[in-house]
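Have a look at the structure below, then the notes.
Naming convention: chains lettered A, B, ... in sequence-line order (proteins, then strands); numbering from 1 in each chain.
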Protein chains: 2
Amino acid sequence: MRSVHDDLTARAVIRDRALELFAAQGPDAVTVRRIAAAAGVSPGLVIHHFGSKEGLRAAVDEHVAGVFDGLFARASAGELDVADGASLAEAFLGQFPPGSPVPGYLRRLLLSGDAAGTEIFRHWFAASRAMTETLVARGLLAPGRDPEVRTAFLMVNDLVPLLLRDQLADVVGVDPLGPEGAVRWAEGVLDIYHGGLFGTEGELA
Amino acid sequence: MRSVHDDLTARAVIRDRALELFAAQGPDAVTVRRIAAAAGVSPGLVIHHFGSKEGLRAAVDEHVAGVFDGLFARASAGELDVADGASLAEAFLGQFPPGSPVPGYLRRLLLSGDAAGTEIFRHWFAASRAMTETLVARGLLAPGRDPEVRTAFLMVNDLVPLLLRDQLADVVGVDPLGPEGAVRWAEGVLDIYHGGLFGTEGELA
DNA sequence: TAATGTACTGAACATGCGTTCAGTACATGA
DNA sequence: TCATGTACTGAACGCATGTTCAGTACATTA
């Protein structure tokens, strides 16, 4: 028999397959039967372990939220190198292997308005706020007139390649989460952060 | 009997109620029976007019796409005053009465990856690209190293209050689509467009 | 006036859903 | 060795869904 905390239990397998399917198609579009089939178990077992489909969803939410709690903790402990003020997302997303369903699931969490997503969004905002305050204190960033809005703006710019990946890829012709697209996006954003919009040396402002 | 092009036909009523419900809860979460009840007709009539639920969804998509086609046409004809380079969304959204379901439906269209949403996204991007090129030609905007990415960046910043309305409201404490929030967001964005991030006069860059 | 066609209803149908449950297999503890 | 409990199956249940269809009402055309 497998131990309770062994992540190879059928329970964990069900949860992982559900995470993948939910990330790809959304929880409402995925049936208990399909999750069960993907996990190689019976539909009844899914309910046995999670009580209901909603319970499974909550378990997946909690699992993902836990992963990000860990990342936030590592970031604030300085174990994750957050290169500059706007790359929290890059630092986090770089932690997952290429095919990981977690970024896609995070996207759904953030856009759905779920409690778990709201929580992560708040956490993320607080971390971003702390970062900008540190940079301001060190004189690396101007104080800014509206710190709350500015932080939200920076955070959202950081998040947008994840949230609008497909649409941006379609329109600029390169995956903004891929190696090339990420670089181009980051450079484009930094150009504006540095020089503003109205001139490379500001002569037209 | 009402004429075919009278927007008070039962067909139009069904379409409008569907638009509202789809915008609020998403097409998958809304049943044909609920739409029928909201429109004051029988479920059978919904199918009679639109062939299927999917057909109704397509009709709503087409209707909304048509509305935005009209707005794009008016904008490029100069009938809509697009104050500065980044306020296409503001100009468009200002055209709808306060309780209109169209912005909410647009949000779903843009985020869902549907064909209709992709089409609007492309159209929007093309319009943004044309605008920035005009501004560059007039010397009001620096040329920029990566015009495609910069346009996408500006466009997305413009769109983000619509796409992340609830999350931003939760975190900054004011509805970014409301009167006060829109102003604060616009000012925050313009501050960065003007001065960049690293100093109000650029002295720290 | 009679014929035709369109708008519309309401009951019914098939399907697929989440969930239940009786029962099997098997590991653990007494 | 026996009792207990947990993991698990597979058939079944009840329900809500999208859709169908026979039938009614009524406007239009001839």
Side-chain angles (χ1 to χ4, degrees), chain A residues 1-63 105 108-109 112 114-116, chain B residues 1-63 105 108-109 112 114-116:
Chain A
M1 190 191 185
R2 290 166 293 213
S3 96
V4 182
H5 294 291
D6 185 347
D7 249 9
L8 295 173
T9 49
R11 199 185 130 92
V13 172
I14 293 168
R15 199 235 292 126
D16 290 348
R17 295 293 91 71
L19 168 56
E20 290 164 11
L21 290 167
F22 287 172
Q25 319 191 228
D28 293 343
V30 177
T31 68
V32 171
R33 279 167 234 261
R34 283 198 38 216
I35 298 165
V41 301
S42 69
L45 190 63
V46 175
I47 302 305
H48 172 70
H49 278 303
F50 297 95
S52 64
K53 184 187 179 182
E54 177 55 33
L56 171 57
R57 237 201 36 151
V60 174
D61 278 8
E62 201 175 337
H63 176 66
Y105 196 84
R108 270 180 204 282
L109 272 184
S112 69
D114 272 355
Chain B
M1 192 192 184
R2 290 165 296 211
S3 94
V4 181
H5 294 291
D6 184 347
D7 250 8
L8 294 172
T9 49
R11 198 187 131 93
V13 172
I14 293 169
R15 199 235 294 127
D16 289 349
R17 295 293 91 72
L19 168 57
E20 290 164 12
L21 290 166
F22 286 171
Q25 317 189 232
D28 293 343
V30 176
T31 68
V32 171
R33 279 166 234 263
R34 282 198 41 217
I35 297 165
V41 302
S42 70
L45 191 62
V46 175
I47 302 304
H48 172 69
H49 278 304
F50 297 94
S52 64
K53 185 188 180 183
E54 178 55 32
L56 170 57
R57 236 201 37 153
V60 174
D61 278 9
E62 201 176 337
H63 176 67
Y105 195 84
R108 272 181 201 281
L109 272 184
S112 68
D114 272 354

Grab the [atom1]-[atom2] distance between [X] and [N] for me, whole Å please.
| X | N | atom1 | atom2 | value |
| --- | --- | --- | --- | --- |
| A:I47 | C:dT19 | CD1 | P | 5 Å |
| A:L45 | D:dT9 | CG | P | 5 Å |
| A:L56 | C:dC17 | CG | P | 15 Å |
| A:I35 | C:dT19 | CD1 | C1' | 14 Å |
| B:D28 | C:dC17 | CG | P | 13 Å |
| B:R33 | C:dG10 | CZ | P | 13 Å |
| A:R57 | C:dT19 | CZ | P | 12 Å |
| A:R34 | C:dG18 | CZ | C1' | 15 Å |

The side chain of [X] lies closest to which of these nucleotides: [options]?
| X | options | answer |
| --- | --- | --- |
| A:S52 | D:dT17, D:dT9, C:dT19 | C:dT19 |
| B:V32 | D:dT19, C:dT19, C:dA7 | D:dT19 |
| A:H49 | C:dC8, D:dA7, C:dG18 | D:dA7 |
| A:V41 | D:dT9, C:dG18, D:dT19 | D:dT9 |

Worksheet item: Do other residues, nucleotides or ligands put more than 12 heavy atoms under 6.0 Å from B:Q25 CD?
Response: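 For B:Q25, atom CD is crowded (more than 12 foreign heavy atoms under 6.0 Å).
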Item to complete: Indicate whether OP1 or OP2 belonging to D:dC21 is found under 4.0 Å from a side-chain N or O atom of B:H48.
Response: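 So the side chain of B:H48 is outside the cut-off, no N or O lying under 4.0 Å from OP1 or OP2 of D:dC21.
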Worksheet entry | Minimum heavy-atom distance B:P43-B:V32, with the two atoms named | O-CG1, 4.0 Å
Quick check: does any side chain N or O of [X] sit under 3.5 Å from a backbone N or O of [Y], one acting as donor and the other as acceptor?
| X | Y | value |
| --- | --- | --- |
| A:R17 | A:I35 | no |
| B:R57 | B:P27 | no |
| A:R11 | A:H49 | yes |

Discussion item. On DNA chain D, does the nearest nucleotide to A:G44 precede the nearest nucleotide to B:P27 from the 5' side, or the other way round? Give the residue.
Written reply: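 Per heavy-atom nearest nucleotide, the more 5' residue is A:G44.
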Discussion item. Taking the nucleotide of DNA chain C with the nearest heavy atom to each, does A:G51 or A:T31 sit closer to the 5' end?
Written reply: A:T31
